[in-house]
Each structure stands twice: as C-alpha cells, then as structure tokens.
Amino acid sequence: MSEVNQLSLFGLDLSGLYRRAKLGVQQILWGEEVGLRAWFSPEVNYCHLSELESLASSDTAPSAESFQVLLPESEVLVATMKLPASAEIFLAEAVTAHVESHTPFAWDETCWGSKIVERREGSILIAIIIVARSTADAAASVARRALAADDIPFGLSAEAGGAVVTLDGYQNPALDAPYLGNLRQFALRSAVAVSGMAFLAAIPVIWSFQTAQQYSAMLAATEQRSEGVVVVRGALVEAQERVSEAERFFSEHVFYRPWLHKVAAATPDSVYLNRLSIKEDVLTVSGLAVNAADYQAAMVEAGSFSEVTAPAAFTLDNRASRERFTLTMTLTPEGAR
C-alpha cells in the first residue's frame, strides 16, 4: 500500500491511475462481466465439507479434477457491504476495514473472502464471509486427506447472498492453471492469426514495393539508353523550328522570277518599264509605251493576269514621244505556271 501511495510524477499523484489500471486488468481476467473466465475456465465442481469427509473415510476416488469445498453455514459469518462504484479501486482496503470491525474472532485468527454480487447504477454490493482460521485449517486438513492421494487441487468457499465466495489464503494456485493455460493458448493462436493476416495484408504492399523498384530500375536504364535519342530529337526539333521560321519568313514574299518572265514575254520591245512592284498578289508596272492602251490589252490577252486596270490616266511624254502609264493587275496562280 505504501508503494502505491508513493507513485507520483512531478508532484502529480499517480496512485489512483495505477489502481484503476490494475482494477481494469483484474476485471478483464477474473470478472464475470467480461466472460473470459467463464469461457476459458473448466466447470467448477462444488462439494460440501461433509461429503468430502465421507469421501475421505471411503476408498472412493474423486470424479473431478478440482474442487471448491463449501464450508458449513454454521461455521461462516456472512456480511454485506455497499460501496459507491467509484470506490471499487479501494475494495480490498474497505473489505479489510469492514471485517476488522465485524469479526467476532481475534484478528490473527480471522480469515475472510469477498465477492461483488450485484452492480447497480452508481453502487456495488459486496458479500463477505468471515471464518475462524482454526475452522478453515481443519476443513483444509480434511480436504487434503481426501484428495491427497490423487493430488487434486482444491479451495475453500462458502455460500453468501446467493453466490459462492472463495476464502482468501485457502485457494490452491493450481485451480487457475487450466484457465490460464487455455487463455494463453487462445492468446497465442490469436497472435498467430493476426500475424498471418498481417502478413497476407503486407504481401500486396511488398509486391508493389518490389515492382516499383523494378520499374524504377527499368526507367533509369531506359533514360540512360535514350540520352542520345533525346539529343538527336532536340536537334531535330530545333531544325524544324528553323525551317518553320524560314517558311514563315519567305511566305510573306512573292517569288518574282516567274512573273518577271511573264511580264517580259507579254511586253513588246517598244515598251520601256521603269518601275515594277509586287505586293501580295497585286503587280504594279509603270513605264513608257507608244500606245499604252494597246499594251494594256496585250497584258489582258497574255492570260497570266486578271483585273488589269489603269489607276491613272495615260499621259503623253513629249520628250520621249511616248505615253506614260501605270497598270495594276492581279496575279493568278495559273499564270505562274
């Protein structure tokens, strides 16, 4: 008790937390509410002390593997105590204090046992048995003589409040061995099952990880092999960009040579050209001709141009004795052939 009271951390008392944790473990392993003990523990065999005395005086072998020996009601003092549910962590101290105040025997001649027999909202009801130590020792001697030949473990108990309450200090540790063994096997099987399921669940993850590593290695090898291809592709893209830029640049300019041939073929020797320009698909020529109207007609008849017009009137140049003209015409795609 003193060790529990000394549990503290930076001045914070941890004894209550320790007691609650310990109580939780006890309720899981030994409490009837959880059901672990009822599930994994073998059936309890009860035998009255009088029956055991007759068994000891005969040569009949016990039929059970363990016993809870029930003391006579006349030898047992039964008491009940009610506590708040929050005080369950102090149950042992409360029962000890209750026994000390109610026992009719000397304190060193008193033994007892307790059990929670009822839980209500906010409270618990505890049944307590008080027995003289000499009575308990005598009953244990009888049970020992009756069961010693077969080495059968036993414990001393008494009925109280409609329940069987075990007597502290008179319980053979071997009584709990089958329960603990079954619980241990169940825990081991559960651990194996959980480990198996965890392994099965991890298989896709492991496979995915290995596959990802393989793909990463393949990607690195492919990138290494494709370095030269990437360089060539970069050079090809750059060359294509240059070609596209050149095509764009030259697409804005008309290819003059075929039109110059067409104009020269349609222009007689008597016509002198002093200006020629091509803007998009419009050809403009200026010069001197003996008869500008005849030259305009010749250009129309050549068939390489369309919409041959004179934006300004023809004028006579007295010094050259010729007519000065300016003609505009539309270049046709068929005319470039």
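For reference, positions follow the sequence shown, starting with 1.
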If we ignore hydrogens and angles and just use 3.5 Å, is the side chain of [X] paired with the main-chain N or O of [Y] as donor and acceptor?
| X | Y | value |
| --- | --- | --- |
| E323 | A292 | yes |
| S226 | E223 | yes |
| T135 | V131 | no |

Joint hydrophobic cluster, L175 plus V165, side-chain heavy atoms closer than 4.5 Å: no
Kindly work out whether a path of hydrophobic side-chain contacts (I/L/V/M/F/W/Y, heavy atoms less than 4.5 Å apart) joins I278 to L260. yes
Residues in side chain to side chain contact (heavy atoms under 4.5 Å, CB included) contact with [X], at least two apart in sequence or another chain:
| X | answer |
| --- | --- |
| L236 | Q240 |
| L288 | D317, A320, R322, R324 |
| T309 | T328 |

Taken to the nearest 0.5 Å, the spacing of Q213 CD from Q210 CD works out to 7.0 Å
Distance from C47 atom SG to I152 atom CD1, nearest 0.5 Å? 10.5 Å
Return each pair, listed once, that meets ring-ring contact (aromatic ring centres under 6.0 Å, His included) where at least one residue sits in residues 94-143; pairs must be two or more places apart or across chains. H98-H102, W107-W112
Which pair of heavy atoms, one from T166 and one from Q171, lies closest together, and at what distance? CB-NE2, 3.5 Å
Could you tell me which non-hydrogen atom of V78 sits nearest to which non-hydrogen atom of E159, and how far apart they are? CG2-O, 4.0 Å
Start with the C-alpha gap between S190 and F186, add the side-chain angles, then the distance that decides, and say whether side chain to side chain contact (heavy atoms under 4.5 Å, CB included) holds. CA-CA 6 Å; S190 299; F186 174 77; 3.6 Å; yes
Walk me through it: do V205 and I203 pass the test side chain to side chain contact (heavy atoms under 4.5 Å, CB included)? CA-CA 5 Å; V205 178; I203 287 178; over 6 Å; no
Contact between [X] and [Y] at the side-chain level, heavy atoms closer than 4.5 Å - yes or no?
| X | Y | answer |
| --- | --- | --- |
| L327 | M329 | yes |
| S66 | P153 | yes |
| I129 | L77 | no |
| T110 | V99 | yes |
| Y46 | E51 | no |
| L91 | I116 | yes |
| L276 | T284 | no |

Under the salt bridge (Lys or Arg N to Asp or Glu O under 4.0 Å) rule, what pairs show up with a residue in [range], not counting sequence neighbours?
| range | value |
| --- | --- |
| residues 71-88 | E88-R119 |
| residues 289-315 | none |
| residues 225-238 | E238-R242 |

Residues in ring-ring contact (aromatic ring centres under 6.0 Å, His included) with F325, at least two apart? Y295
Cluster companions of [X] among Ile, Leu, Val, Met, Phe, Trp, Tyr (side-chain spacing under 4.5 Å):
| X | answer |
| --- | --- |
| L125 | V117 |
| M218 | Y215 |
| V194 | M197 |
| W207 | none |

Side chains of T326 and S286, donor plus acceptor under 3.5 Å: yes
Side chains of S157 and Q68: is there a donor and an acceptor less than 3.5 Å apart? yes
Quick one: do L331 and F305 satisfy side chain to side chain contact (heavy atoms under 4.5 Å, CB included)? Show the steps, please. CA-CA 5 Å; L331 305 178; F305 313 99; 3.7 Å; yes
